[in-house]
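Reading through the structure tokens given below for one structure.
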Amino acid sequence: MNGIQRKVSSCFPPLLVRIFLLSTTCGVLLLTYQYRMQNSLSENVSKDGQHIDPKPLMSARITEKPDIDDNNEVSDTSSYNSFKSKMNEHSTNKEYSSTQSPPDERVQKLPGVINIGIQKCGTGALNTYLRIHPQLRVREGEVHFFDKKINHSAPFKQEIQRYLKMLPVAFPNETVFEKTPAYFDLADPYDLFRMNSALKVILLVCDPVRRVMSAYLHNLAIRLYSQHKTYEQYVFDKDGAVDKTAEVVRRSIYDESLKRYLKYFPRNQLLIMENTFLLKQPTLAMQEIEKFIGLKKFYTNETFYFNEEIGYHCINPSIYPVHNGCQGKSKYKIHPNVSEENVLKLKKFFQPINDNFMKIAGIKMASLTYF
Ligand SMILES: Nc1ncnc2c1ncn2[C@@H]1O[C@H](COP(=O)(O)OS(=O)(=O)O)[C@@H](OP(=O)(O)O)[C@H]1O
């Protein structure tokens with residue numbers, strides 16, 4: 001070692017001490033960063049837990065867990081979120097220079113409208129159609145709050161705070177929408193009413209006989225039903241009569257559930273729509289729905305196209321490109337044939353129930369009238 005080398009090495013502490021100093025410095029830096037991040041996030045939420053300040057939201061990434069709906073299908077929350085932010089950019093950008101971002105004024109809000117069912121009656125299609133409306137903020141997937149997650153032993157207000165956290169944040173001009181088809185028959189309508197007494201409720205109705213098959217195929221797909229049992233074994237009892245206790249049959253009995261809702265909600269807060277209307281004339285159906293919710297006119301014939309391959313209307317991909325504007329594959333099932341005798345048995349079973357439903361609803365529906 002020459003003189004200079006010796007001088008330099010004597011200025012530096014030994015190797016072990018250097019490693020110790022370096023790791024301590026890194027640790028301190030890391031802790032400071034974590035502390036600052038935590039503080040900046042908690043500062044954003046107001047005391048009532050409802051309002052989130054705009055600025056930090058712009059810097060803090062909102063990560064929403066992917067949702068798995070009743071079809072075991074991962075809902076495309078992230079595609080929807082990026083679609084929405086592009087849409088919002090479009091509508092607000094004019095006021096801001098290219099270097100400035102518009103402030104994020106999103107807040108947590110309770111839903112103004114809920115699609116309560118009916119399970120397997122096209123609720124997924126409605127979700128797909130509604131998510132493109134600029135004044136709506138759609139909760140992707142199904143929340144299942146009022147049928148499964150609500151804790152009736154806890155104070156209701158506290159439960160609603162929990163529910164709020166399961167919903168997307170929305171701009172002041174946006175109405176929050178969620179759909180959980182199980183609410184129709186499995187939730188207590190009083191809970192929905194006391195959550196928001198002005199709530200608008202959408203009910204899509206379809207032929208219960210077809211619905212039994214849809215629900216059977218659905219239960220097979222999610223492995224609730226066994227491949228080793230037949231459709232007939234699930235739907236009819238040992239004597240060959242319709243088994244009204246079977247899940248797929250029970251959930252096709254519409255009149256009782258509607259009665260429960262009408263105990264709390266005035267009829268004009270309920271939009272009861274035949275699923276075939278949405279299926280065949282999506283523009284007219286969606287115009288009726290936007291009017292019912294109180295939204296600006298948005299849907300036109302250009303919004304939809306008929307997808308020959310799947311046999312249903314989808315959103316024009318230039319508006320919403322995910323899945324070519326259609327739903328995921330699990331929503332388009334091919335129904336196997338059922339013997340005429342069994343179909344007749346089901347029709348005879350459901351007709352009086354359907355008649356009662358239509359009487360309560362005050363609407364005649366072709367798909368509920370067999371004879
Ligand atoms: N575009 C459109 N318009 C109206 N209806 C449609 C549309 N696309 C699908 N369908 C029908 O929806 C059925 C699935 O219903 P849901 O989406 O309510 O199912 S679920 O309850 O969310 O699992 C589904 O049932 P299956 O035919 O048994 O698959 C279809 O009959």
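Small disclaimer: the values here were computed from a predicted structure and weren't measured. Numbering of ligands and ligand atoms starts at 1, following listing order.
Among the atoms of L278, none of the N or O lies under 3.5 angstrom from an N or O of ligand 1. Looking at G124 next to ligand 1, an N or O pair under 3.5 Å apart turns up. Backbone and side-chain nitrogen or oxygen atoms of G122 are examined, and one is located within less than 3.5 angstrom of a nitrogen or oxygen of ligand 1. Taking only nitrogen or oxygen atoms, main chain and side chain alike, Q119 does not reach within less than 3.5 Å of ligand 1.
Taking the six-membered ring where tryptophan is involved, the planes of Y216 and Y225 are tilted, since the angle between them lies from 30° to 60°.
Ligand-side atoms of ligand 1 in range of K333: 27 (O), 29 (O), range being under 4.0 angstrom from any heavy atom. Near Q327, the atoms of ligand 1 lying under 4.0 angstrom from a non-hydrogen atom of the residue are 8 (N), 9 (C). Heavy-atom contacts of H335 reach the following atoms of ligand 1: 26 (P), 27 (O), 28 (O) (cutoff under 4.0 Å). Of all atoms in ligand 1, listed by their number and element, those nearer than 4.0 Å to a heavy atom of P181 are 21 (O).
For the disulfide bond (SG atoms under 2.5 Å apart) condition, no pair includes a residue of residues 153-190, sequence neighbours left out.
No heavy atom of M213 sits closer than 4.0 Å to any atom of ligand 1. Taking 4.0 Å as the cut-off, N275 counts as a neighbour of ligand 1 on heavy-atom distance.
For the pair K244 and F349, the cation does not sit on the ring face, since its NZ or CZ is not both under 6.0 Å from the ring centre and inside 45° of the axis.
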Name every donor-acceptor pair, under 3.5 Å, that has one atom in a side chain of residues 288-296 and the other anywhere in the protein, sequence neighbours excluded.
residue	atom	partner	partner atom	Å
E290	OE1	F298	N	2.9
E290	OE2	F298	N	3.4

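Considering every non-hydrogen atom in both L130 and Y299, the closest pair reads CA-OH, 3.4 Å.
Ring to ring, Y370 and F350 are not that close: their centroids are 6.0 angstrom or more apart.
Under the 4.5 Å side-chain heavy-atom criterion for ILVMFWY residues, no single connected hydrophobic cluster contains both L186 and L192.
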